[in-house]
Amino acid sequence: MTILIEQPQFGIGVEENNKIGKKEEELVLDGGFVLPHTNTFGHNFRDYDAQSARQEGVENFYRINHIHQTFDFVKRMREEYGKLEKMEMSIWECCELLNEVVDESDPDLDEPQIEHLLQTAEAIRKDYPNEDWLHLTALIHDLGKVLNLPGFGELPQWAVVGDTFPVGCAFDESIVHHKFFKENPDYINPIYNTKFGVYSQGCGLDNVLMSWGHDEYMYLVAKGNNTTLPPAGLFVVRFHSFYALHRSGAYKHLMNEEDKENLKWLQIFNKYDLYSKSKVRIDVENVKPYYLSLIEKYFPAKLRW
């Protein structure tokens with residue numbers, strides 16, 4: 001039996017999807033994309049408790065990440081990388097460069113990143129054929145992971161990948177491996193460890209500093225190179241790893257009305273970003289002309305990185 005969801009089910013969690021998967025043979029998103037029941041390792045998606053050597057590495061990753069992602073660290077990184085002085089290259093050149101990166105924080109994926117980008121983009125393209133900006137957003141959303149490579153400072157993975165979260169206010173308990181924040185100096189700093197911290201009710205996520213990584217970097221690259229992607233596209237790029245918000249509903253007290261509208265698109269996108277991590281291969285040369293046309297539509301030929 002196939003369940004066809006006619007409209008996006010915003011906020012449906014992994015647990016709900018797993019329960020559905022046990023009852024039915026498959027779950028299909030709006031236009032036909034089939035959600036797999038398990039990731040490439042045979043476990044439930046985003047299962048941080050599964051026992052495997054990779055899971056141990058993921059937990060150690062988050063221990064280091066949560067200790068070092070402080071308000072002051074993020075400010076320094078944004079100042080340095082916001083200058084966009086590391087390199088000049090096209091979007092597609094960056095896609096190919098990303099073949100050298102494997103995300104140590106991801107319990108669902110161990111393939112080169114270009115595979116995941118195209119899997120995500122093609123799945124969205126099938127279900128949302130008229131939203132070409134969303135297809136391109138899917139292609140570029142992880143390009144900031146080049147921060148891990150020579151030429152970009154070879155930042156350690158804890159400063160490149162993983163779930164993101166606001167700094168400058170209390171770390172919400174919904175953040176994966178929250179226990180490790182106790183060793184972060186901001187955890188005991190009275191300026192930063194309250195619900196609002198340095199922010200205010202409804203201040204808007206544009207005014208919130210997020211933990212440093214590929215999301216924040218690609219957002220700065222896109223804005224700094226005058227992309228014509230709509231605000232929802234930039235929102236997806238910047239917050240696609242912000243699971244505490246789009247999965248758990250945390251930090252909504254910082255959102256404004258525009259954030260709330262953009263969040264709907266992020267929750268659509270996330271289903272494809274998460275569940276397209278499979279062994280289905282994409283014929284890169286076959287789809288490349290389409291994505292090159294989108295890059296030309298929304299970005300300059302060469303970007304400053």
Side-chain angles (χ1 to χ4, degrees), residues 8-16 46 62 65-79 81-82 137 141 144 159 162-220 222-224 227 229-271 273-274:
Q9 293 188 359
F10 296 139
I12 184 170
V14 174
E15 295 79 10
E16 287 82 355
R46 288 181 59 81
Y62 276 109
N65 172 279
H66 290 356
I67 291 172
H68 294 292
Q69 289 278 3
T70 65
F71 187 80
D72 289 341
F73 170 75
V74 170
K75 287 179 65 178
R76 291 198 306 272
M77 291 296 99
R78 282 181 61 93
E79 181 178 354
Y81 285 91
T137 298
H141 77 282
D163 286 14
T164 60
F165 44 85
V167 294
C169 60
F171 303 114
D172 191 83
E173 291 186 0
S174 65
I175 301 170
V176 63
H177 291 308
H178 177 271
K179 60 187 176 183
F180 295 128
F181 284 120
K182 293 181 180 179
E183 298 180 61
N184 184 310
D186 289 358
Y187 187 84
I188 58 173
N189 188 326
I191 298 176
Y192 303 134
N193 67 1
T194 62
K195 178 179 179 179
F196 288 98
V198 298
Y199 310 114
S200 60
Q201 179 77 39
C203 64
L205 295 180
D206 273 351
N207 297 307
V208 173
L209 285 187
M210 298 293 294
S211 56
W212 178 253
H214 71 280
D215 311 59
E216 202 71 353
Y217 179 53
M218 190 59 210
Y219 169 73
L220 293 177
K223 285 197 67 176
T227 181
L229 282 174
L234 291 174
F235 190 91
V236 168
V237 168
R238 190 180 185 211
F239 299 114
H240 68 270
S241 300
F242 190 5
Y243 277 85
L245 171 68
H246 62 71
R247 179 57 55 82
S248 302
Y251 298 104
K252 287 188 175 181
H253 56 282
L254 301 178
M255 296 171 63
N256 59 25
E257 291 304 313
E258 183 178 7
D259 294 330
K260 294 173 184 177
E261 288 302 310
N262 289 334
L263 179 59
K264 297 176 182 178
W265 282 110
L266 177 55
Q267 288 173 318
I268 290 172
F269 172 84
N270 177 249
K271 297 178 180 65
D273 184 24
L274 177 62

Item to check | Any side-chain heavy-atom pair of Asp172 and Phe165 under 4.5 Å | outcome: no
| Test item: His240 side-chain N/O and Val237 main-chain N/O as donor-acceptor pair under 3.5 Å | yes
The salt bridge (charged side-chain N to carboxylate O under 4.0 Å, His left out) partners of Arg78 (sequence neighbours excluded) come to Glu216
Output for pair (Leu205 CG, Phe235 CZ), nearest 0.5 Å, gives 5.0 Å
Taken to the nearest 0.5 Å, the spacing of Leu266 CG from Arg247 CZ works out to 10.5 Å
With no hydrogens and no angle check, do the side chains of Asp215 and Thr164 hold a donor and an acceptor under 3.5 Å apart? no
For Phe269 and His141, what are the C-alpha separation, side-chain angles and deciding distance, and is it a side-chain contact (heavy atoms from CB on, under 4.5 Å)? CA-CA 10 Å; Phe269 172 84; His141 77 282; 3.6 Å; yes
In this structure, CG of Asp259 is separated from SG of Cys203 (nearest 0.5 Å) by 8.5 Å
Between Val208 and Arg238 the two heavy atoms that sit nearest each other are O-NH2, 2.7 Å
Going through the checks in order, is the ring-ring contact (aromatic ring centres under 6.0 Å, His included) test met by His253 and Phe196? CA-CA 8 Å; His253 56 282; Phe196 288 98; 5.0 Å; yes
Here the gap from Asn270 atom CG to Ser241 atom OG, rounded to the nearest 0.5 Å, amounts to 9.0 Å
When rounded to the nearest 0.5 Å, the distance separating CG of Asp163 from OH of Tyr243 is 6.5 Å
If the plane angle is over 60° it's perpendicular, under 30° parallel, otherwise tilted; pick one for Tyr62 and His177. tilted
In short, Ala222 meets Leu234 closest at the heavy-atom pair CB-CD2, 3.7 Å
**Request:** Could you tell me if the ring centre of His66 sits under 6.0 Å from that of Phe171?
**Result:** no
Closest heavy-atom pair, Ala159 versus Trp212, reported as atoms and distance to 0.1 Å, is O-CD1, 3.3 Å
Closest non-hydrogen atoms of Trp265 and Ala232, given as atom of the first, atom of the second and distance, are CD1-CB, 3.8 Å
Of all heavy-atom pairs linking Leu263 and Lys252, the shortest is CD2-CE, 4.2 Å
**Study point:** Full working for side-chain contact (heavy atoms from CB on, under 4.5 Å) between Tyr219 and Met210
**Key:** CA-CA 11 Å; Tyr219 169 73; Met210 298 293 294; over 6 Å; no
Shortest non-hydrogen pair, Leu220 vs Gly82, comes out as CD1-CA, 4.2 Å
Interatomic distance, NE2@His246 vs CD@Gln267, rounded to 0.5 Å, equals 8.0 Å
Quick note, side chain to side chain donor-acceptor pair (under 3.5 Å) partners involving residues 179-199, not counting sequence neighbours, are Glu59-Lys179
Pair Thr70-Asp72, side-chain hydrogen bond (donor to acceptor under 3.5 Å, both in side chains): steps then yes or no: CA-CA 5 Å; Thr70 65; Asp72 289 341; 5.6 Å; no
Applying salt bridge (charged side-chain N to carboxylate O under 4.0 Å, His left out) to Glu257 and not counting sequence neighbours gives Lys260
### Query
Has Gln201 got more than 12 heavy atoms of other residues, nucleotides or ligands less than 6.0 Å from its CD?
yes
Taking the side chain from Ser248 and the backbone from Ala250, do they hold a donor-acceptor pair closer than 3.5 Å? no
